[in-house]
Amino acid sequence: MMNALARMARIRVDENGSMAIETAFVAPVLLVMALGGFEASSMVARQTELQSAAAEAAAVVRAVAPETASDRATVRDIVATSLCGKTQPVITDGQATCGSVTVDVDPVYRCGTATAYVTAAGSCGSAVEYQFIKIDLTDTYSPIWAEWGVGSAVTYDVNRTVQVG
């Protein structure tokens, strides 16, 4: 019995291997925190990139009011090219797509003091009609943890509306 108590006392004061045990507990937590920080910074960076592209599009619209569909397509192509980098955007049904990013540039109208926009010109009747260009950027980002069943993809929807007439 005395021999077992002496062994227990020696084990209690022996610190060999304690660093390995502490590392085994702390390392997974630190790795998850690092991965989460990286993914969160990637999401914020993507949101900032889309906001910058929308601001660029709004500046182009203010500089040269795109009155025709061809002018609006040019603005759309400028924004899509800016977001795509070296990859060429794919144009289908008036939308520019680059990866998961979709760019729309459409005219909308507001009748008098109404807060809602209408899509058809001349639908205001006797009210004063104001013309706007609406810029829509949508994107989807799938963080790594969504692949493991935690959470889901993040959808970005950045809109700018610029009055042109």
Exercise. Should Arg46 and Thr48 count as side-chain neighbours, where that means a heavy-atom distance under 4.5 Å?
Worked result: no
Seminar exercise, completed: Nearest heavy-atom contact between Ala120 and Ser123 is O-OG, 2.8 Å
Exercise. Is Arg160 reaching over with its side chain to a backbone N or O of Ala57, donor-acceptor style, under 3.5 angstrom?
Worked result: no
Exercise. Is there a path from Val103 to Phe132 through hydrophobic residues (I, L, V, M, F, W, Y) whose side chains come within less than 4.5 Å of each other?
Worked result: no
Exercise. Looking at OG1 of Thr161 and CG of Asp136, how far apart are the two atoms once the value is rounded to the nearest 0.5 Å?
Worked result: 7.5 Å
Exercise. Tell me, do Val118 and Cys111 make a side-chain contact under 4.5 Å, heavy atoms counted?
Worked result: yes
Problem set entry | Shortest non-hydrogen separation from Ala127 to Gly112 and the atoms involved | CB-N, 4.1 Å
Exercise. About how many Å separate CG of Leu137 and CD of Gln47, when rounded to the nearest 0.5 Å?
Worked result: 10.0 Å
For this session: Dump the intermediate steps for side chain to side chain donor-acceptor pair (under 3.5 Å) on Tyr141 and Glu39, then the final yes or no.
Result: CA-CA 10 Å; Tyr141 179 77; Glu39 288 292 336; 2.6 Å; yes
Exercise. Just wondering, more than 12 heavy atoms not from Glu67 lying within 6.0 Å of its CD?
Worked result: no
Exercise. Donor-acceptor pair, Arg110 side chain versus Ala114 backbone, under 3.5 Å?
Worked result: yes
For this session: Give the minimum heavy-atom separation between Pro143 and Ala153, together with the two atoms involved.
Result: CD-CA, 4.2 Å
For this session: Starting at OG1 of Thr138, measure out to CG of Asp157 and round the result to the nearest 0.5 Å.
Result: 6.5 Å
Exercise. Is the side chain of Ser82 donor-acceptor paired with the backbone N or O of Ile78 at a distance under 3.5 Å, no angle test?
Worked result: no
Exercise. Do the side chains of Leu83 and Thr81 get nearer than 4.5 Å, heavy atoms only?
Worked result: no
Problem set entry | Tyr117 side chain reached by Lys134 side chain, heavy atoms, under 4.5 Å | no
Exercise. Any side-chain heavy-atom pair from Ile133 and Val105 closer than 4.5 angstrom?
Worked result: yes
For this session: Establish whether Trp148 and Met33 are linked, either directly or via other cluster members, by ILVMFWY side-chain heavy-atom contacts under 4.5 Å.
Result: no
Exercise. Among the clusters formed by ILVMFWY side chains lying less than 4.5 Å apart, do Val64 and Ile135 turn up in the same one?
Worked result: no
Seminar exercise, completed: For Gly122 and Glu129 the tightest heavy-atom approach is N-OE1, 2.7 Å
Problem set entry | Same apolar cluster: Tyr156 and Val101, side chain cutoff 4.5 Å | yes
For this session: Would you sort out whether Ile144 and Leu35 count as a side-chain contact (heavy atoms from CB on, under 4.5 Å), showing the intermediate values?
Result: CA-CA 9 Å; Ile144 189 98; Leu35 179 64; 3.6 Å; yes
For this session: Kindly say whether Val108 contributes a backbone atom to a donor-acceptor pair with the side chain of Gln131 at under 3.5 angstrom?
Result: no
Exercise. Cut-off 3.5 Å, side chains only: do Asp71 and Thr74 have a donor facing an acceptor?
Worked result: no
Exercise. With a 4.5 Å limit on heavy-atom distance, are the side chains of Arg72 and Asp106 in contact?
Worked result: no
Exercise. Does Ser100 reach the main-chain N or O of Thr140 with its side chain, forming a donor-acceptor pair under 3.5 Å?
Worked result: yes
Exercise. If Ile, Leu, Val, Met, Phe, Trp and Tyr residues are connected whenever their side-chain heavy atoms lie under 4.5 Å apart, and connections chain through other members, are Val26 and Leu31 in the same group?
Worked result: no
